[in-house]
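First up is the structure itself, then whatever we jot down about it.
This is a predicted model, so every value here is computed, not measured. As the structure lists them, so they are numbered: ligands from 1, and atoms in each ligand from 1. Starting from 1, each residue takes its place in the sequence as its number.
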Amino acid sequence: MDDHSTQGHRARKRFGQNFLSDPNIIRKIVDAIRPQPGEKLVEIGPGLGAMTEPLIERVGHLHVVEIDRDLIARLHERYTPAQVTVHEGDALKFDFGSLGAPLRIVGNLPYNISTPILFHLAEFASAVKDMTFMLQKEVVMRMVAEPGSEEYGRLSVMLQYRFRMGRLFDVPPGAFRPAPKVMSSIVRMAPLPVEQLGARDEALLGRIVTAAFGQRRKTLKNTLRDFMTDADFAALGLDPGLRGERLSVAQFVAIANHCTARDAGG
Ligand code: SAM
């Protein structure tokens with residue numbers, strides 16, 4: 001059986017439902033978020049409200065985005081509109097910009113959609129003050145990985161381009177009902193100032209990074225052949241025999257900006 005009943009609710013695997021049940025861990029996470037009265041705070045996937053309740057106590061009012069209709073009905077029963085504004089639907093499609101700024105986003109995220117949700121949230125970085133999430137540890141390790149490490153890849157580069165990130169602490173499977181198979185970690189993400197970002201064409205940066213990590217065993221000469229010639233590598237002082245995992249975020253930005261300038265004839 002995949003299902004598991006918690007507080008009379010059958011946990012749905014397709015919505016990545018593992019509910020926090022350890023009061024000490026819940027307190028530790030909420031303390032790490034450090035919510036202040038009156039802040040604009042949104043929780044993704046409140047579920048059965050493990051974090052929702054203590055968050056409301058500290059901020060007064062909370063926005064939540066939840067996809068599961070049964071859980072949405074419970075939220076409406078349990079909280080008044082003055083306490084919680086419930087946004088019903090898919091967080092992957094939700095316009096976080098509509099809530100205004102500066103926005104703090106938190107959540108024990110559904111692990112089955114962790115990468116797409118991080119990329120979706122990155123689009124709202126300019127409206128965001130910070131984000132604190134629980135994700136599977138393996139994903140958090142990739143988010144914060146340094147060049148040259150095995151975990152370093154597209155997720156590391158694209159998120160580190162836009163955010164300062166730090167892994168705060170790990171959470172064991174026993175803190176959840178039902179218990180997930182994997183270890184989890186808490187990660188904090190704070191958007192970098194816009195003037196620090198530096199890519200003149202961010203879509204191009206995304207395409208270059210995707211290509212560079214598309215075939216991890218291949219060198220940049222191969223993976224970036226649609227973007228860079230030997231002369232381009234030479235102009236940047238980059239060894240085309242390297243693999244993508246060796247390049248820093250700043251070097252990827254330099255490649256993208258070189259291509260932009262070259263194609264503009266500058
Ligand atoms: N915050 C609760 C806790 O810590 O106990 C629940 C966390 S559970 C890992 C993930 C929550 O996200 C569930 O409530 C689930 O229904 C919700 N969810 C799953 N996919 C979603 C989506 N695409 N958009 C919004 N919420 C989603």
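Gly45 CA, 3.2 Å is the protein heavy atom nearest to atom 12 (O) of ligand 1. For atom 3 (C) of ligand 1, the nearest non-hydrogen atom of the protein is Asn108 ND2, 3.5 Å. Nearest non-hydrogen protein atom to atom 24 (N) of ligand 1 is Ala91 N, 2.8 Å. Protein heavy atom closest to atom 5 (O) of ligand 1, with residue, atom name and distance, is Leu20 N, 2.8 Å. Nearest protein neighbour of atom 14 (O) of ligand 1, counting heavy atoms only, is Glu66 OE1, 2.8 Å.
At least one heavy atom of Ile113 sits closer than 4.0 Å to an atom of ligand 1. Put simply, no part of Leu48 is less than 4.0 Å from ligand 1, judged by heavy atoms.
With respect to Arg58 and Glu39, no salt bridge is recorded, no charged nitrogen being found less than 4.0 Å from a carboxylate O. A salt bridge is defined here as a Lys NZ or Arg NE, NH1 or NH2 lying under 4.0 Å from an Asp or Glu carboxylate O, and Asp239 with Arg246 fails to meet this definition. A salt bridge does not link Glu88 to Arg69: none of the charged side-chain nitrogens sits closer than 4.0 Å to a carboxylate oxygen.
Arg262 is listed as a side-chain neighbour of Asp232, based on a closest heavy-atom distance under 4.5 Å. Counting only heavy atoms from C-beta outward, the side chains of Tyr152 and Val157 approach each other to under 4.5 Å.
Atoms of ligand 1 found under 4.0 Å from any heavy atom of Asp68, numbered from 1 in the order shown, are 16 (O). Every atom of ligand 1 with a heavy atom of Val65 under 4.0 Å away is listed here by number and element: 25 (C), 26 (N). The contact set between ligand 1 and Asp90, taken as ligand atoms under 4.0 Å from a residue heavy atom, comprises 22 (C), 23 (N), 24 (N).
Considering both main-chain and side-chain atoms, Pro110 never comes within under 3.5 Å of ligand 1 through any nitrogen or oxygen pair.
The cationic group of Arg243 does not satisfy the cation-pi geometry with Phe213, failing either the under 6.0 Å distance to the six-membered ring centre or the 45° limit from the ring axis. For the pair Lys221 and Phe233, the cation does not sit on the ring face, since its NZ or CZ is not both under 6.0 Å from the ring centre and inside 45° of the axis.
Between the choices Val64, Ile67, Ile26, the shortest heavy-atom distance to atom 18 (N) of ligand 1 belongs to Ile67. Around atom 2 (C) of ligand 1, the closest heavy atom drawn from Pro116, Pro46, Ala50, Gly107 belongs to Pro46.
Closest heavy-atom contact between Ser21 and Phe176: OG-C, 3.9 Å.
Under 4.0 Å from ligand 1, not a single heavy atom of Met134 appears. Only the side chain of Leu71 comes within 4.0 Å of ligand 1, counting heavy atoms alone; its backbone N, CA, C and O stay farther away.
Of the candidates His9, Arg10, Arg12, Asp70 forms a side-chain hydrogen bond (donor to acceptor under 3.5 Å, both in side chains) with just one, namely Arg12.
Aromatic pair His120/Phe94: ring centres not closer than 6.0 Å.
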